[in-house]
Every structure is written in C-alpha cells, then in structure tokens.
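These values consider heavy atoms only, across backbone and side chains, with no hydrogens, waters or symmetry-generated copies. Just so it is clear: chains get the letters A, B, ... in the order the sequence lines come, proteins before strands, and each one is counted from 1.
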Amino acid sequence: MCFGGGDADKPEESRAKLAMAEAAAYNIRRYGELYVPVENMAINDAMTSFDLAADGSQNVDYQSAIGDSVGRANQVYGEGIADTQALAFGRGLDPTSGAFMAESDALRSAQAKAMGEVGTNAGNQVTTGGFQKLENMSALGRGLETKAYDSMSTVAQNEQSALEQQADRDFANSSSVANIAGTAGGIAYGLNRNKSAYS
Amino acid sequence: MGQFYDYDPNNPYGNINPYRYSNMSPEDNPADKLLAELTRAQLEDYRQRFEPVENALVGSITATGTTQIGADLDRTRSAVIGSAENVRGQSNRFRERYGLSAMQQTTERSNATTGALVGGLNATRAVDAERRDAIISGGLSAVGQQTRNI
C-alpha cells in the first residue's frame with residue numbers, strides 16, 4: 001500500500017478500449033451519413049400525417065383512401081343495381097311499378113350505407129396509421145423495436161373485402177325483384193362480381 | 001445542457017472524428033473522452049429529432065381519446081351524408097329516364113341516413129378511444145419502462 005504523496009502512476013486506459021471507442025465513433029458517423037436522412041424522411045412523414053393540404057382540404061392520404069373506398073362501393077353497388085334492373089326489364093317488369101321501386105329504393109339505401117361505412121372506416125384507418133407512424137418513430141428514437149403497419153394498399157384491400165361481403169348480403173336479401181324477375185337479380189349481381197376488376 | 005457543437009439534423013455525427021484522440025497518451029483516457037463525445041452527440045440527436053415526435057404523440061392524448069377525434073367525426077359526417085346525397089342523385093337520374101318525378105326525401109330515407117350517421121359516429125368514437133389505449137399501453141408504456149430502467 002502506498003501512502004506517499006507525489007507522483008503516483010495514473011491508471012492507463014487499454015489500447016483495446018480506445019480501438020473500440022474509435023470503431024463506435026466510425027460506425028455512428030456512418031449511421032449519421034447513411035441512415036439519418038432516411039429516418040428524417042420517415043419522421044417528417046409521421047409528423048405531417050394529420051396536416052391539411054395546402055388548400056385546406058384533407059391531405060392526400062385521406063383523399064385517396066376515402067375516395068377510392070367510396071368509389072369502389074359506388075361501383076360495386078351501382079353496377080349490381082343496373083344489371084339487376086336491366087335483367088328485370090328484359091323480362092317485362094314495369095320499371096314504374098311500386099314493387100320494383102320499393103326494391104330499388106332498398107338497394108339504393110344499402111348502397112348509400114355501404115359507401116358511408118367504407119368511407120368512415122378508410123378515414124379512421126388513415127388516422128390510426130398516422131399514430132402508428134408516430135409511435136414507430138418514438139420507438140426508433142428510444143432504440144426500441146418498431147412495428148410494421150398497414151400500408152394504404154392493405155387498408156384498401158381490407159375495405160374491398162368487407163365491402164364485397166356486405167354487397168353479397170345486401171343483394172342476397174334483395175328478394176322481391178329477383179323473385180319477380182325469376183332470380184335474375186342475384187344472377188346479375190353474381191355475373192357483375194365475376195367481371196369486376198376489383199373482385 | 002447547452003448545444004456543445006454545431007448540430008446538423010441531416011448529419012448529426014459529422015463533426016465526430018473517430019481518430020481525434022488516437023495519439024493521446026493512455027494516461028489521459030482518450031477512449032473515455034471519445035465515448036463521452038459520442039454519448040453527448042447521441043443525446044443531442046435524440047433531443048433534436050425524436051423528442052418532438054414523442055411530444056406530438058403524448059400531446060395527442062385526451063381524457064376520452066385523441067386530438068384527432070374532431071377531424072375524424074367531420075370525415076365520418078361527410079362520408080355518410082355525401083354518400084346518401086350521391087346515391088339519391090343516381091336514383092333520381094334513373095327515375096327521370098322513365099319519366100318519373102324525383103324521389104322526395106321521406107321520413108324513412110331520412111331515418112336511414114340518420115341511422116347510418118349515428119352508427120358511423122359511434123364507431124369513430126370507439127376507434128378513437130381504442131387508439132388512445134393503444135398509445136398508452138403500447139408505445140408510451142415502453143418509453144416509460146425505458147425511462148425507469150435508466
């Protein structure tokens with residue numbers, strides 16, 4: 001044990017520790033040059049998820065998700081109804097008859113309901129996606145694991161699948177026109193589904 | 001802690017020279033000095049780039065959901081009411097082709113739209129409440145755990 005004052009030797013760092021520190025510094029510099037700009041794009045994307053467009057309207061994510069979903073619902077129901085009507089007329093059904101009008105009205109109501117629902121769901125999913133982006137960037141900053149989230153195309157596919165199931169039920173329930181026209185309605189909708197680009 | 005070097009958000013570690021202390025005597029602890037620089041740079045980078053994201057996420061939480069609920073409810077109203085008007089227009093155009101008068105807004109149709117709207121608004125509120133819970137139990141709890149572990 002040494003109680004002497006004066007020049008006690010200072011402990012020396014090992015060369016290996018310096019080499020590891022230099023390697024860490026090199027790697028972090030490289031991370032800064034390569035990955036930080038990419039991370040910054042993702043951060044910017046997350047931070048602007050809920051921003052409005054320059055003209056004050058919904059941003060492009062909302063516009064495209066809602067517009068596409070509502071448009072698809074409109075197409076699926078509109079074509080189904082048109083084909084049902086065409087077949088019914090072909091069998092001599094009076095388009096001004098009360099029974100026909102009541103059934104058309106019911107299908108139009110189902111169409112409006114479906115369009116509203118898919119539009120609502122699409123908007124809500126875009127908002128949830130925005131929060132998932134923020135969560136992911138927060139996790140990235142903490143060095144935590146990030147999670148995959150649904151892309152816009154996955155959102156659209158989910159909506160399309162739900163929409164087709166709803167349309168199947170609505171047209172299957174549309175019995176009176178089909179009965180009058182000899183099940184033409186269901187057949188027409190089925191044919192339309194098969195030729196639809198979205199099916 | 002103040003800014004200790006010129007921070008560049010697009011290259012926050014560009015000022016670090018891995019070999020700055022290579023020729024320093026081991027007695028002067030060059031590795032410790034370099035590691036201290038790295039730690040400070042990482043903290044500054046976290047503060048500059050990621051703290052605003054955490055602040056935005058935490059700031060979005062309200063007592064019942066998130067701050068986005070108002071915009072989501074507006075979009076729901078627009079989707080449901082806009083769709084009802086769109087379909088009524090389609091139906092009226094069809095009727096006009098057969099010389100029939102346009103559909104009048106009946107109580108039944110109005111009730112159908114109102115029912116769809118109420119359902120949509122309720123669903124939107126439920127989704128927003130779920131989002132709030134997910135943020136608190138998912139990302140934020142992990143952040144809190146990290147903080148406690150430090």
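- Residues A:Val126 and B:Leu121 do not share a hydrophobic cluster, clusters being chains of Ile/Leu/Val/Met/Phe/Trp/Tyr side chains in contact below 4.5 Å.
- Residues B:Ile16 and A:Leu18 are members of separate hydrophobic clusters, defined by side-chain heavy-atom contacts under 4.5 angstrom among Ile, Leu, Val, Met, Phe, Trp and Tyr.
- No side-chain donor from either of A:Arg108 and B:Ser91 sits under 3.5 Å from a side-chain acceptor of the other.
- Of all non-hydrogen atoms in A:Glu135 and B:Ala134, the two that sit nearest each other are OE2-O, 3.5 Å.
- Linking Ile, Leu, Val, Met, Phe, Trp and Tyr whenever their side-chain heavy atoms come within less than 4.5 Å leaves B:Leu73 and A:Leu52 in two separate clusters.
- Closest of all the heavy-atom pairs between B:Leu57 and A:Ser138 is CD2-CB, 4.3 Å.
- Here the NZ atom belonging to A:Lys17 is positioned 6.5 Å from the CG atom belonging to B:Leu35, to the nearest 0.5 angstrom.
- For B:Arg49, the parts sitting under 4.5 Å from any heavy atom of chain A are the backbone and the side chain alike.
- Cluster membership check: A:Leu34 shares its hydrophobic cluster with B:Leu38, using side-chain heavy-atom separations under 4.5 Å among Ile, Leu, Val, Met, Phe, Trp and Tyr.
- Contact detail for B:Ser83 and A:Ala112: the closest heavy-atom pair is CB-O, 3.7 Å.
- Going from atom CE of A:Met115 over to atom CG of B:Asn86 covers 4.0 Å, rounded to the nearest 0.5 Å.
- A pairwise comparison of heavy atoms in B:Ser22 and A:Arg15 identifies O-NH1, 4.3 Å as the closest pair.
- Checking B:Tyr46 against A:Arg142 by side-chain atom types alone, a donor-acceptor pair falls below 3.5 Å.
- For B:Val53, the parts sitting under 4.5 Å from any heavy atom of chain A are the backbone and the side chain alike.
- Interface summary for chain B: among A:Leu134, A:Val70, A:Thr120, the most heavy-atom pairs under 4.5 angstrom belong to A:Thr120.
- For the residue pair A:Glu12 / B:Asn29, no side-chain donor-acceptor distance below 3.5 Å is found, with atom types taken as modelled.
- The candidate with the highest count of non-hydrogen atom pairs below 4.5 Å against chain A, out of B:Thr66, B:Thr67, B:Val127, is B:Thr66.
- Taking B:Pro9, B:Ala123, B:Ala56, B:Gly119 one by one and counting their heavy-atom pairs under 4.5 Å with chain A, the maximum is reached by B:Pro9.
- With a 4.5 angstrom heavy-atom cutoff, A:Ala24 touches chain B via backbone and side-chain atoms both.
- When every heavy atom of B:Pro18 is checked against every heavy atom of A:Arg29, the shortest pair comes out as CD-CD, 3.9 Å.
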| Between B:Asn11 and A:Val36, does a side chain to side chain contact (heavy atoms under 4.5 Å, CB included) hold up when you go through it step by step? | CA-CA 7 Å; B:Asn11 188 7; A:Val36 165; over 6 Å; no
| Going through the distances and angles, do A:Asn74 and B:Gln90 end up as a side chain to side chain contact (heavy atoms under 4.5 Å, CB included)? | CA-CA 10 Å; A:Asn74 193 19; B:Gln90 290 180 44; 2.7 Å; yes
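- Counting only heavy atoms from C-beta outward, the side chains of A:Ile43 and B:Phe50 approach each other to under 4.5 Å.
- Contacts of A:Ile28 with chain B are made by both backbone and side-chain atoms, with heavy-atom separations under 4.5 Å.
- If you chain together hydrophobic residues whose side chains sit under 4.5 Å apart, A:Tyr77 and B:Val80 never meet in one group.
- At most 12 non-hydrogen atoms from other residues, nucleotides or ligands lie less than 6.0 angstrom from CZ of A:Arg30.
- Separating the CD atom in A:Gln58 from the CG atom in B:Asp74 is a distance of 8.0 Å, to the nearest 0.5 Å.
- Counting non-hydrogen atoms of other residues, nucleotides and ligands closer than 6.0 Å to CG of B:Asn111 gives a total above 12.
- Using a 4.5 Å cut-off between heavy atoms, B:Ser25 does not touch chain A at all.
- The shortest non-hydrogen separation linking A:Glu13 to B:Asp32 is OE2-N, 2.8 Å.
- In this structure a side-chain-to-backbone donor-acceptor pair under 3.5 Å is missing from A:Asn124 to B:Asp72.
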| side chain to side chain contact (heavy atoms under 4.5 Å, CB included) between B:Gln68 and A:Phe131, intermediate numbers included | CA-CA 10 Å; B:Gln68 291 304 310; A:Phe131 280 111; 3.7 Å; yes
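- Within 6.0 Å of the OH atom in A:Tyr26, the count of heavy atoms belonging to other residues, nucleotides or ligands does not exceed 12.
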